[in-house]
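A quick write-up on the structure given underneath.
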Amino acid sequence: MAAALTSSFPVLFFARFSACLVAMLVIIWALHFKDSFIPQSPTQEEHIYAVMHPLLMVIGFILISGEAILVYKWLPGSRNLKKLVHLCLQGVALACGIFGIWTKFQGQDGVVANFYSLHSWMGLVCITLFGAQWLFGFMSFWHRGEVRTTRLKVLPWHVFLGLYTYGLAVVTAETGLLEKLTFLQTLGNVSKRCPETAVVNGLGLSLALLSSVVIVAAVTPPMRQTSDRKHSSF
């Protein structure tokens with residue numbers, strides 16, 4: 001166990017560093033440049049909903065779901081404990097994602113006005129897949145009615161769909177950043193070279209870095225397994 005944790009330490013370090021960078025940038029963007037989220041003199045309630053959307057979707061949804069993926073790399077203890085923590089973290093991420101989408105439907109224009117872009121369509125697909133994946137994982141790996149052979153058969157698909165959905169969430173966030181920044185620059189509220197543009201572009205790059213590190217950590221086998229395979233080949 002100690003050898004496995006030591007071997008995965010560099011990947012975990014870069015994952016946590018990237019996550020902290022993403023969290024810092026999205027907080028700066030949402031709180032320091034908050035006037036850019038609704039340019040048309042919004043009410044205080046609309047302003048709160050607009051600011052909460054990026055915070056919930058990036059920190060609550062993407063960062064927590066990424067941490068849930070990394071649970072099997074850093075958490076000591078039994079397999080059941082890791083599955084429980086993984087399930088709970090993914091549940092929290094799902095709740096944040098649902099609430100984050102709900103905040104976009106609280107404006108005066110309603111649901112239809114916010115469901116027109118590629119970002120909104122991808123977001124709906126992503127949260128639907130994530131919810132189905134969470135329920136699928138609960139029924140297959142935590143529910144006692146499933147036999148071990150069934151779990152072994154569905155495990156590769158569970159891992160693939162989990163990583164695919166996580167990657168889709170990051171891509172959806174990237175399209176949201178591009179959509180928002182393009183909208184602000186078109187209206188003339190933000191110039192092409194200004195601190196806010198640098199923060200948003202840095203956030204997009206940090207999300208790309210974070211997703212690559214999390215996926216690499218998820219698909220890399222523990223050192224002990226790698227060593228066992230080498231010895232078995234002789």
Side-chain angles (χ1 to χ4, degrees), residues 11-38 45-71 73-75 85-106 114 119-120 122-131 133-134 162-181 184 195-218:
V11 178
L12 293 175
F13 172 80
F14 282 112
R16 299 285 167 68
F17 173 79
S18 303
C20 291
L21 184 60
V22 167
M24 179 184 68
L25 289 174
V26 74
I27 290 174
I28 291 174
W29 186 42
L31 300 183
H32 184 68
F33 301 100
K34 58 183 179 180
D35 293 336
S36 297
F37 283 89
I38 305 180
E45 184 179 3
E46 288 179 325
H47 214 155
I48 292 174
Y49 284 134
V51 170
M52 285 178 62
H53 179 73
L55 294 176
L56 286 169
M57 300 309 295
V58 175
I59 297 179
F61 187 52
I62 295 178
L63 294 191
I64 293 180
S65 62
E67 189 64 28
I69 294 174
L70 296 175
V71 159
K73 295 295 181 180
W74 64 264
L75 183 65
V85 175
H86 175 80
L87 182 71
C88 292
L89 287 177
Q90 295 289 41
V92 173
L94 177 60
C96 291
I98 293 174
F99 188 55
I101 291 178
W102 177 81
T103 59
K104 294 299 292 182
F105 298 154
Q106 301 307 306
N114 287 284
H119 172 67
S120 60
M122 290 179 65
L124 184 61
V125 171
C126 181
I127 203 69
T128 302
L129 285 177
F130 195 93
Q133 171 76 351
W134 187 88
L163 294 178
Y164 174 79
T165 306
Y166 175 76
L168 183 62
V170 173
V171 174
T172 302
E174 300 281 14
T175 60
L177 296 177
L178 180 60
E179 176 186 311
K180 187 64 176 180
L181 193 58
L184 292 174
E196 183 171 359
T197 300
V199 168
V200 176
N201 289 336
L203 176 58
L205 291 175
S206 300
L207 281 170
L209 174 63
L210 173 64
S211 62
S212 63
V213 176
V214 170
I215 292 174
V216 166

(request) Assess whether side-chain contact (heavy atoms from CB on, under 4.5 Å) is satisfied between Met57 and Thr172, documenting all intermediate values. (result) CA-CA 10 Å; Met57 300 309 295; Thr172 302; over 6 Å; no
(message) Quick check on side chain to side chain contact (heavy atoms under 4.5 Å, CB included): which of Ile215, Val58, Leu207 does Val170 satisfy it with?
(response) Leu207
(request) Might you work through the side-chain contact (heavy atoms from CB on, under 4.5 Å) test for Tyr164 and Gln133, ending with a clear yes or no? (result) CA-CA 11 Å; Tyr164 174 79; Gln133 171 76 351; over 6 Å; no
At their closest point, which heavy atom of [X] faces which heavy atom of [Y], and how far apart are they?
X      : Y      : answer
Ile59  : Leu63  : O-CB, 3.3 Å
Ala23  : Val26  : O-CG1, 3.3 Å
Trp29  : Pro54  : CZ3-CB, 4.4 Å
Asn201 : Leu181 : OD1-CD2, 3.7 Å
Ala217 : Val11  : CB-CG1, 3.2 Å
Val51  : Ala30  : CG1-O, 3.5 Å

Indicate yes or no: at least one non-hydrogen side-chain atom of [X] is less than 4.5 angstrom from one of [Y].
X      : Y      : value
Val92  : Cys96  : yes
Ser212 : Leu209 : yes
Lys104 : Ile101 : no
Phe61  : Ile127 : yes
His32  : Val199 : no
Ile28  : Phe33  : yes

Rounded to the nearest 0.5 Å, what separates atom [atom1] in [X] from atom [atom2] in [Y]?
X      : Y      : atom1 : atom2 : answer
Ser211 : Leu163 : OG    : CG    : 11.0 Å
Leu203 : Ile27  : CG    : CD1   : 11.0 Å
Phe14  : Leu210 : CZ    : CG    : 13.0 Å
Leu89  : Leu87  : CG    : CG    : 9.0 Å

(request) Run the numbers on Leu12 and Val213 for side-chain contact (heavy atoms from CB on, under 4.5 Å), then give the verdict. (result) CA-CA 8 Å; Leu12 293 175; Val213 176; over 6 Å; no
(request) With side-chain contact (heavy atoms from CB on, under 4.5 Å) as the test, would you mind laying out the steps for Arg16 and Glu67 before giving the verdict? (result) CA-CA 9 Å; Arg16 299 285 167 68; Glu67 189 64 28; 2.7 Å; yes
(request) Quick one: list whatever passes ring-ring contact (aromatic ring centres under 6.0 Å, His included) with Tyr166, sequence neighbours left out. (result) none
